[in-house]
Amino acid sequence: MKRIHVVLSGDVQRIGFRYFISSKAKLLGVNGWVKNLEHDKVEAVFEGNDDNVKKILESCVRDH
């Protein structure tokens, strides 16, 4: 079991990013939360098996 806490910046607000990441996490069986912060940032915590947490993190960086 792995748990990570990330803060993402850039084009991550007002584009459905939180919904995209939440949906992908559910598909992978990864638990956690995602919320908007000030200054165009998004904060997230993901918890699940190592491979799926790695996949969701890769999706945060690459797929949006």
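Excluded from the calculations below are hydrogen atoms, water molecules and symmetry mates; all remaining heavy atoms, backbone and side chain alike, are included. Just so it is clear, the model here is predicted, and its values are computed rather than measured.
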Calculate, to the nearest 0.5 Å, the distance between atoms [atom1] and [atom2] belonging to [X] and [Y] respectively.
{"X": "Ser59", "Y": "Asn52", "atom1": "OG", "atom2": "CG", "answer": "10.0 Å"}
{"X": "Glu43", "Y": "Arg18", "atom1": "CD", "atom2": "CZ", "answer": "12.0 Å"}
{"X": "Phe46", "Y": "Lys2", "atom1": "CZ", "atom2": "NZ", "answer": "13.0 Å"}
{"X": "Ile56", "Y": "Lys54", "atom1": "CD1", "atom2": "NZ", "answer": "14.0 Å"}
{"X": "Trp33", "Y": "His5", "atom1": "CH2", "atom2": "NE2", "answer": "4.5 Å"}

As a quick check of understanding, evaluate side chain to side chain contact (heavy atoms under 4.5 Å, CB included) for Val7 and Val42, giving each step before the final call. CA-CA 6 Å; Val7 176; Val42 170; over 6 Å; no
All heavy atoms of Leu28 vs all of Lys55, minimum pair found to be CD1-CB, 3.9 Å
For the residue pair Val53 and Val30, what are the closest heavy atoms and their distance? N-CG2, 4.2 Å
Testing Ile21, Val6, Val45 for side chain to side chain contact (heavy atoms under 4.5 Å, CB included) with Val34, which one passes? Ile21
